[in-house]
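For reference, the structure is listed below as structure tokens.
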Amino acid sequence: PIYLLSFLGIWEPFCRKVFFPFLLDKICVVHDKKSKKYKQELFRNLPDFRGPSGALRLLEIGTGSGSNFQFYPPGCKVTCTDINPNFQEGLARNMKKNQHLQYEEFLVAAGEDLGQVPSGSVDVVVCTLVLCSVHSVSSTLREVLRVLRPGGAFYFLEHVAAEHSSWRYFWQQVCYPTWKLVFAGCCLTRELWKNLEEAKFSELKIQHISIMMPWMPIKQHIVGYGVK
């Protein structure tokens with residue numbers, strides 16, 4: 001049915017507006033529980049990247065419903081961006097729960113095109129479970145480097161391809177055609193650590209970790225940050 005609806009041009013608008021925000025909200029609850037210790041450790045040194053004014057200006061790509069807000073330090077000035085503007089209900093709920101932050105604005109923008117954000121204007125860019133679905137990872141990373149001030153940092157936590165010789169990688173390839181329709185273009189087999197290594201970060205810390213998601217062909221993740 002999904003393929004038929006996609007062929008008729010019905011599935012994508014329905015998925016973007018109704019199905020995907022609902023599904024992602026449910027999945028994030030499970031993933032957040034499993035990744036909480038990794039996120040706590042990842043974001044622990046966020047205050048180290050405060051700007052000269054003492055404020056921490058943070059831009060999040062693919063904010064979704066704002067599940068990362070709980071990990072940001074008090075007083076952090078947050079700019080939210082997402083290509084999909086249909087997460088307002090979950091976003092409003094998490095904003096209300098995390099009033100220790102200052103919310104600057106919400107921009108409808110793709111990671112590859114952050115033209116609304118001035119160059120060198122933010123201290124930190126955060127991107128979790130987003131690089132799997134952008135049209136161009138390299139273009140997104142170029143935009144990240146553009147908007148970061150010198151000395152700023154890019155934080156990431158992303159699922160990546162399994163080992164090529166594994167059954168999991170086989171099933172990732174089998175599932176992909178349907179998976180990308182259900183999960184708004186998400187690619188299961190990206191080797192994102194290679195893109196990060198090719199980007200022009202002066203310092204890059206990457207850790208390969210395992211986060212098992214029940215009934216899903218996702219386990220291998222990377223977590224870390226790069227400094228401009």
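In terms of hydrophobic clustering, with Ile, Leu, Val, Met, Phe, Trp and Tyr side chains grouped at heavy-atom distances under 4.5 Å, V30 and I211 are assigned to different clusters. When the side chains of ILVMFWY residues are joined at heavy-atom separations under 4.5 Å, either directly or via intervening members, V125 and I83 end up in two distinct hydrophobic clusters. V144 and V137 fall within a single hydrophobic cluster, where Ile, Leu, Val, Met, Phe, Trp and Tyr are joined by side-chain heavy atoms under 4.5 Å apart, directly or via other members. F14 and L24 end up in the same hydrophobic cluster when Ile, Leu, Val, Met, Phe, Trp and Tyr side chains are linked at under 4.5 Å. Following chains of ILVMFWY side-chain contacts shorter than 4.5 Å, one cannot reach V108 starting from F87, and the two form parts of different hydrophobic clusters.
Summarising the geometry of L42 relative to G224, their closest heavy-atom pair is CD1-O, 3.3 Å, with the distance given to 0.1 Å. The nearest pair of heavy atoms linking A161 to Y169 is CB-CE1, 4.1 Å. Nearest approach of L148 to A153, heavy atoms of both residues: CD2-O, 3.5 Å. Between A199 and L141, the shortest heavy-atom distance links the atoms CB-CD1, 4.1 Å. Across all non-hydrogen atoms, the minimal contact from Q116 to L107 is OE1-CD2, 3.5 Å. Taking both residues in full, the closest heavy atoms of L145 and K228 are given as O-NZ, 2.7 Å, listed atom of the first, atom of the second, then distance.
In this structure, the side chain of T81 engages the main chain of E60 through a donor-acceptor pair within 3.5 Å. At least one donor-acceptor pair under 3.5 Å links the side chain of Q172 to the backbone N or O of A162. A distance-only check finds a donor-acceptor pair linking the side chain of Q70 to the backbone of S67 [under 3.5 Å]. The backbone N or O of L129 lies less than 3.5 Å from a partner atom in the side chain of E158, making a donor-acceptor pair. Within the 3.5 Å criterion, the main-chain N or O of S139 finds a donor-acceptor partner in the side chain of S136.
For the atom pair NZ (K34) and CD1 (I209), the distance works out to 12.0 Å, reported to the nearest 0.5 Å. Atom-to-atom distance recorded for R168:CZ and E163:CD is 11.5 Å, nearest 0.5 angstrom. Separating the CG atom in L192 from the SG atom in C127 is a distance of 9.0 Å, to the nearest 0.5 Å. With values rounded to the nearest 0.5 angstrom, Q173 atom CD is found 6.5 Å from T189 atom OG1. The NZ atom of K33 lies 12.5 Å from the SG atom of C28; values are rounded to the nearest 0.5 Å. In this structure, CZ on R93 lies 6.5 Å from OG on S65, to the nearest 0.5 angstrom.
Listed by chain and residue number, nothing satisfies the salt bridge (charged side-chain N to carboxylate O under 4.0 Å, His left out) test with E89 (two or more places apart in sequence, or in another chain). In this view, S133 satisfies the side chain to side chain donor-acceptor pair (under 3.5 Å) rule with no residue, not counting sequence neighbours.
Side-chain atoms of R57 and R149, non-hydrogen and from C-beta on, do get closer than 4.5 Å to each other. When side chains are defined from C-beta on, L114 counts as touching R146, because their heavy atoms get closer than 4.5 Å. Between F154 and V124 there is no side-chain heavy-atom pair separated by less than 4.5 Å. The closest side-chain heavy-atom distance from W179 to P217 is below 4.5 Å. Using a 4.5 Å heavy-atom cutoff, the side chains of L131 and T140 are in contact. Under the 4.5 Å side-chain criterion, counting only non-hydrogen atoms from C-beta, F71 is not in contact with L46. Between C175 and M216, every side-chain heavy-atom pair lies at or beyond the 4.5 Å cut-off. Residues H100 and F69 have side chains not in contact (no heavy-atom distance under 4.5 Å, counting atoms from C-beta outward).
For NZ of K219, the number of neighbouring non-hydrogen atoms (other residues, nucleotides, ligands) closer than 6.0 Å is 12 at most. More than 12 heavy atoms of other residues, nucleotides or ligands sit less than 6.0 Å from atom CD of E104. Around the CD atom of E105, the shell of radius 6.0 Å holds more than 12 heavy atoms that belong to other residues, nucleotides or ligands. No more than 12 heavy-atom neighbours from other residues, nucleotides or ligands sit within 6.0 angstrom of NE2 on H135.
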Stepwise side chain to side chain donor-acceptor pair (under 3.5 Å) check, N84 with D82: CA-CA 5 Å; N84 188 341; D82 206 295; 5.6 Å; no
Y72 vs V78, side-chain contact (heavy atoms from CB on, under 4.5 Å): CA-CA, chis, key distance, verdict: CA-CA 9 Å; Y72 299 158; V78 181; 4.1 Å; yes
Stepwise side chain to side chain donor-acceptor pair (under 3.5 Å) check, Y155 with N45: CA-CA 11 Å; Y155 285 73; N45 68 339; 2.7 Å; yes
side-chain contact (heavy atoms from CB on, under 4.5 Å) assessment of L58 paired with V126: CA-CA 7 Å; L58 184 150; V126 173; 3.9 Å; yes
Steps toward side-chain contact (heavy atoms from CB on, under 4.5 Å) verdict (W193, H208): CA-CA 9 Å; W193 64 90; H208 290 256; 3.7 Å; yes
Worked verdict on E143 versus I61 for side-chain contact (heavy atoms from CB on, under 4.5 Å): CA-CA 11 Å; E143 278 291 82; I61 298 174; over 6 Å; no
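For the residue pair Q207/Y38, the side-chain donor-acceptor check at 3.5 Å is not satisfied. Of the N and O atoms on the side chains of Y103 and N98, not one donor lies less than 3.5 Å from an acceptor on the other residue. Judged by distance alone, the side chains of H31 and H159 never bring a donor and an acceptor atom under 3.5 Å apart. Side-chain atoms of S138 and N195 include no donor-acceptor pair closer than 3.5 Å.
A salt bridge is defined here as a Lys NZ or Arg NE, NH1 or NH2 lying under 4.0 Å from an Asp or Glu carboxylate O, and K77 with D123 fails to meet this definition. A salt bridge between E203 and K205 is present, with a side-chain N of the basic residue lying under 4.0 Å from a carboxylate O of the acidic one. Between E191 and K194 there is a salt bridge, since at least one side-chain N of the basic residue sits less than 4.0 Å from a carboxylate O of the acidic one.
Taking the six-membered ring where tryptophan is involved, the planes of F49 and Y225 are perpendicular, since the angle between them exceeds 60° and thus also 30°.
With L56 as reference, P73 is the one residue of P74, P47, P73 to meet the side chain to side chain contact (heavy atoms under 4.5 Å, CB included) rule.
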